[in-house]
2 protein chains.
Amino acid sequence: MTYANAIAALADPTRRAIVEALRAAPQPVGRIACTLPVSRPAVSQHLRVLAEAGLVTAEAEGTRRIYRLAPQGWAALREYLDAMWDDALAAYARAAHEQAQNETRRSP
Amino acid sequence: MTYANAIAALADPTRRAIVEALRAAPQPVGRIACTLPVSRPAVSQHLRVLAEAGLVTAEAEGTRRIYRLAPQGWAALREYLDAMWDDALAAYARAAHEQAQNETRRSP
DNA sequence: CATTCGCGTAAGTCATGACTTACGGTAAGC
DNA sequence: GCTTACCGTAAGTCATGACTTACGCGAATG
């Protein structure tokens, strides 16, 4: 169930923007905040949520805290999605198959 | 940006429960609702959100509407996650590399 | 040692959305 | 044709959470 936190974290557009910023390069909080239309405390709170979901990690460097993407949370998401993807494809294939069955029965 | 709707849709626990129900088998709305602690209209509203995100599709069968998993929305999520996964791994590898550099410099 | 920078936390406000009950509308059964 | 299932929509309520300002703490700088 660890993927639940990750999904909930990524549901917020501001948090996805923060992730996009970290995707380019690891950055301290202030630098991320100045590129976004929200205050620095807001970014700090979002980073806390992202960190609890295992999507980012922090590393103190003097007074700065450098945040970067962390693989763990993303791995949990990938596993969830991969399993779901198989089932979705199976459902789709079965639906297409049943439809083909009905078509041939209707006009043989 | 189509993955944004999918993530927002899956952020809700009730919607994930609905997805889990559909994962087992395609079902009409009423059957899904009776297995969940919410009312049938609530399930209907959730299914609407899931359908708009491309995660499920409906098919009328008499007065019933059979819902099933749809691959499209999940595919968009997979693409987003795969790209992010690469960057997260790269960030992790670079961090480990830099740390190793500092270790050797500190205790040669 | 005082100041400044960078950050996290607390408290309070406000909007979003998840849920309910009530209603209307369409396909099956007697 | 009339009732009975099954469903989607409307309107209203209430809680969650995203944001702000204000504050306190540790580290670097003079």
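None of the values given here were measured: they were computed from a predicted structure. Chain identifiers are assigned alphabetically (A, B, ...) following the order of the sequence lines, protein sequences preceding nucleic acid strands; residue numbering begins at 1 within each chain.
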Worksheet item: Is there any salt bridge (Lys or Arg N to Asp or Glu O under 4.0 Å) pair reaching into residues 20-30 of chain B, and which pairs are they, with sequence neighbours excluded?
Response: A/D87-B/R23, B/E20-B/R23
Worksheet, complete the sentence: Min and max contacting nt of DNA chain C in 5' to 3' order, chain B heavy atoms within under 4.0 angstrom, are C/dA18 to C/dA28
Worksheet entry | Pair listing, ring pair (Phe, Tyr, Trp, His ring centres under 6.0 Å) test, anchored in residues 2-26 of chain B, at least two apart | B/Y3-B/Y80
Response to the item:
Ordered by number, residues from residues 15-26 of chain A within less than 4.0 Å of DNA chain D (heavy atoms) are A/R15
Discussion item. If the condition is side-chain hydrogen bond (donor to acceptor under 3.5 Å, both in side chains), which residues does B/D82 pass it with, not counting sequence neighbours?
Written reply: A/R78
Item to complete: Could you tell me the separation between the CE atom of B/M84 and the CG atom of A/L22, rounded to the nearest 0.5 Å?
Response: 10.0 Å
Discussion item. Going by the rule side-chain hydrogen bond (donor to acceptor under 3.5 Å, both in side chains), which residues pair with A/R16 if we only count those two or more places apart in sequence or in a different chain?
Written reply: none
Worksheet item: Side chains of A/L77 and A/L10: closer than 4.5 Å at any heavy-atom pair?
Response: yes
Item to complete: Hey, could you give me each pair passing ring pair (Phe, Tyr, Trp, His ring centres under 6.0 Å) that has a residue in residues 23-78 of chain A? Not counting sequence neighbours.
Response: none
Fill in: Qualifying residues under side-chain hydrogen bond (donor to acceptor under 3.5 Å, both in side chains), relative to A/R64, sequence neighbours excluded
none
Sub-3.5 Å pairs of nitrogen or oxygen atoms, protein against nucleotides 6-8 of chain D:
{"from": "D/dC6", "atom 1": "O4'", "to": "B/T63", "atom 2": "OG1", "distance (Å)": "3.1"}
{"from": "D/dC7", "atom 1": "OP1", "to": "B/V29", "atom 2": "N", "distance (Å)": "3.0"}
{"from": "D/dC7", "atom 1": "OP2", "to": "B/G30", "atom 2": "N", "distance (Å)": "2.8"}
{"from": "D/dG8", "atom 1": "OP1", "to": "B/R65", "atom 2": "NE", "distance (Å)": "2.9"}
{"from": "D/dG8", "atom 1": "OP1", "to": "B/Y67", "atom 2": "OH", "distance (Å)": "2.7"}
{"from": "D/dG8", "atom 1": "OP2", "to": "B/S44", "atom 2": "OG", "distance (Å)": "2.4"}
{"from": "D/dG8", "atom 1": "O5'", "to": "B/S44", "atom 2": "OG", "distance (Å)": "3.3"}
{"from": "D/dG8", "atom 1": "N7", "to": "B/R40", "atom 2": "NH1", "distance (Å)": "3.2"}
{"from": "D/dG8", "atom 1": "O6", "to": "B/R40", "atom 2": "NH2", "distance (Å)": "3.1"}

Worksheet entry | Between CD1 on residue A/I66 and OG1 on residue A/T57, distance to nearest 0.5 Å | 11.5 Å
Discussion item. For residues 8-44 of chain A, which residue pairs pass the ring pair (Phe, Tyr, Trp, His ring centres under 6.0 Å) check, not counting sequence neighbours?
Written reply: none
Solution key, residues 28-42 of chain B side-chain donor-acceptor pairs under 3.5 Å, sequence neighbours excluded:
{"from": "B/T35", "atom 1": "OG1", "to": "B/I32", "atom 2": "O", "distance (Å)": "2.7"}

Discussion item. Just to be sure I understand the geometry, which residues of residues 2-9 of chain B put a non-hydrogen atom under 4.0 Å away from DNA chain D?
Written reply: none
Discussion item. Please find the pair of heavy atoms, one from B/A9 and one from B/L55, that lie closest to each other, and give the distance.
Written reply: CB-CD1, 4.1 Å
